Every structure is written in C-alpha cells, then in structure tokens.
Amino acid sequence: MKTKEIKISISEFEKLDELPSVDQELTMQARASALLAYAPYSNYHVGTALRLADGTIVTGNNQENASSPLGTCAERAAIFWANANYPAVPIETIVVTAIDQNGNPAANVSPCGACRQVMLESQHRFQKPIRVILDSSNKIEVLDNVNGLLPLSFNGNSLKSIV
Ligand code: THU
C-alpha cells in the first residue's frame, strides 16, 4: 500500500483590483453576464466570461428549464459556444461568478463537477492550460489550470488505454 498526496495551488485575493487589468475586465464581463442568466427555478444566477488566446471574449450564463435536467450551467454554455465557433482557438482564461438567491454576489463560487470535466476536455483538446478565476463575494481564487479542480480525472488518454 502507498499513500499519494495531491497538491493544489490556488492564489487567493481579497479584492478584484489586486488582479491584472485584463482579468479585472474579464471578471466584470462575467458579472454582467450573470445578470442575464435565466434561472427562475434556483434563483442562482451564474455568469462566465472566457478570454480566448486571440483575445476574443465569450460570455455565458445558466439557462434553466422547467424540466430541470435540461438546463445548462453557465460554464458549459460558454465553453461549448466558444469551442463551436472558434474551433482552432484555445481558451486562455475562464472566470466564473454568481449572484445568490438573495440577489447578492455569491460566496464560495465553485464550478460543478460536470463543468470541471468540460473545462478539462477543452484544455486537453488544445493542450493549453486554462486559467480559472473563481469570483466570490468573500474571495477571488485563481488557478493556473483546470487540473487542480479535477484530480484523478478521466480524459481522452484514459480511452486509449482500453484499445
Ligand atoms: N450552475 C452553474 O451555472 N454553474 C455551476 O458550475 C454550478 C451550478 C447553475 C445550474 C443551475 O442553473 C443553478 O446554478 C443552481 O444549481
């Protein structure tokens, strides 16, 4: 038996103005997109902004449905749109933010497992790290890539091992 430890490096900031201006601007776009979310069932409005490697900005937000499993998260709405329309351009940075059920900026914003898997696929597809910024009312967390969000992940390489 052996025990393995996995280290995750997260830079935590107290305020947005501690980040570079390009990240501040991207975060403001994510916050603006959260205001446009369609979330009448959860009232949890999530916004995402992506900066692509060529400087293009893509935003997205959660889109809920009365048939609840059909709704989609902000991150997946934005990532799939970006990858569909700019299939040759890697995502450089993704910001995720949210407005909570009381209409205030949400604390402890964290992407769901499905969105982590989709971020990882995009990172794997382009072989370029995607920086992740989690914009919460109580902190702003920055990760240099998606790996730390999904340790022991399943990816395209896993499929190759079965053939
Ligand atoms: N949601 C997102 O948009 N992204 C996440 O990573 C977590 C959850 C949405 C889905 C649903 O519309 C609402 O937040 C409550 O779960």
Side-chain angles (χ1 to χ4, degrees), residues 6 8-11 16 19-42 44-99 106 108-136 140-163:
I6 298 172
I8 300 170
S9 177
I10 305 172
S11 305
L16 188 58
L19 272 68
S21 60
V22 280
D23 290 340
Q24 292 182 35
E25 282 156 25
L26 196 65
T27 303
M28 296 310 292
Q29 302 236 32
R31 290 179 184 179
S33 190
L35 294 170
L36 306 178
Y38 178 65
Y41 304 104
S42 71
Y44 189 73
H45 294 70
V46 184
T48 295
L50 312 176
R51 186 173 57 243
L52 309 189
D54 66 358
T56 301
I57 306 292
V58 171
T59 59
N61 45 49
N62 50 333
Q63 297 293 317
E64 296 185 348
N65 195 284
S67 175
S68 52
L70 302 183
T72 192
C73 291
E75 299 91 316
R76 277 178 284 161
I79 292 169
F80 285 142
W81 197 90
N83 288 170
N85 290 285
Y86 300 93
V89 189
I91 297 168
E92 184 196 85
T93 303
I94 177 169
V95 179
V96 187
T97 192
I99 298 163
N108 304 316
V109 169
S110 187
C112 77
C115 289
R116 292 171 192 220
Q117 182 74 30
V118 168
M119 286 181 205
L120 193 80
E121 183 72 29
S122 191
Q123 184 176 271
H124 186 75
R125 168 177 176 173
F126 295 103
Q127 292 294 302
K128 287 265 192 279
I130 300 178
R131 287 174 68 239
V132 181
I133 301 177
L134 304 178
D135 172 47
S136 307
I140 298 167
E141 297 168 304
V142 182
L143 293 93
D144 287 341
N145 58 61
V146 180
N147 307 354
L149 288 175
L150 203 58
L152 307 180
S153 61
F154 175 78
N155 63 39
N157 293 337
S158 317
L159 289 173
K160 286 180 197 148
S161 68
I162 57 170
V163 288

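Quantities reported herein were computed from a predicted structural model and do not represent experimental measurements.
Residue R131 holds its CZ atom at 4.0 Å from CG of D23, rounded to the nearest 0.5 Å. Atom OG1 of residue T27 and atom CG of residue D135 lie 5.5 Å apart, to the nearest 0.5 angstrom. We find the OG1-CG distance between T97 and L26 to be 11.0 Å, quoted to the nearest 0.5 Å. In this structure, I130 CD1 and L143 CG are separated by 12.0 Å, a value rounded to the nearest 0.5 Å. For the atom pair CG of L149 and CZ of R116, the computed distance is 5.0 Å after rounding to the nearest 0.5 Å. E25 contributes atom CD, which lies 9.0 Å from atom CZ of R51 (distance to the nearest 0.5 angstrom).
Closest approach of A53 to V89, counting heavy atoms only: N-CG1, 3.7 Å. Across all their heavy atoms, Y86 and F126 have their closest contact at O-CZ, 4.4 Å. In this structure, A82 and L50 approach most closely via the heavy-atom pair CB-CD1, 3.6 Å. The two residues P87 and N85 come nearest to each other via the heavy atoms CD-C, 3.3 Å. Between I8 and G148, the closest heavy-atom pair is CD1-O, 3.2 Å.
In the model, N147 has a side-chain atom that pairs as donor or acceptor with a side-chain atom of Q123 under 3.5 Å. Looking only at atom types and distance, the side chain of N65 has no donor-acceptor partner in the side chain of S67 under 3.5 Å away.
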Is there a side chain to side chain contact (heavy atoms under 4.5 Å, CB included) between H45 and N61 once you walk through the steps? CA-CA 7 Å; H45 294 70; N61 45 49; over 6 Å; no

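Looking at M28 and L16, their side chains come closer than 4.5 Å, going by heavy atoms from C-beta outward. Here the side chains of E121 and I79 are not in contact, with every heavy-atom distance at 4.5 Å or above.
A donor-acceptor pair under 3.5 Å is formed between the side chain of Q117 and the backbone N or O of F154. Here the side chain of N62 pairs no donor or acceptor atom with the backbone of G71 at under 3.5 angstrom. A donor-acceptor pair is defined here as one N or O able to donate and one able to accept, closer than 3.5 Å; such a pair exists between the side chain of S33 and the backbone of G60. When atom types are taken as modelled, the side chain of Q24 and the backbone of L19 share a donor-acceptor pair closer than 3.5 angstrom. Between the side chain of S158 and the main chain of N155, a donor-acceptor pair closer than 3.5 Å is present. Distance alone, capped at 3.5 Å, is enough to place a donor-acceptor pair between the E64 side chain and the S42 backbone. Judged by distance alone, with hydrogens and angles left aside, the side-chain atoms of E75 form no donor-acceptor pair with the main-chain N or O of C115 at under 3.5 Å.
Of the candidates I91, I94, L120, V118, V146 forms a side chain to side chain contact (heavy atoms under 4.5 Å, CB included) with just one, namely L120.
Residues satisfying the side-chain hydrogen bond (donor to acceptor under 3.5 Å, both in side chains) test with D144, not counting sequence neighbours, are none.
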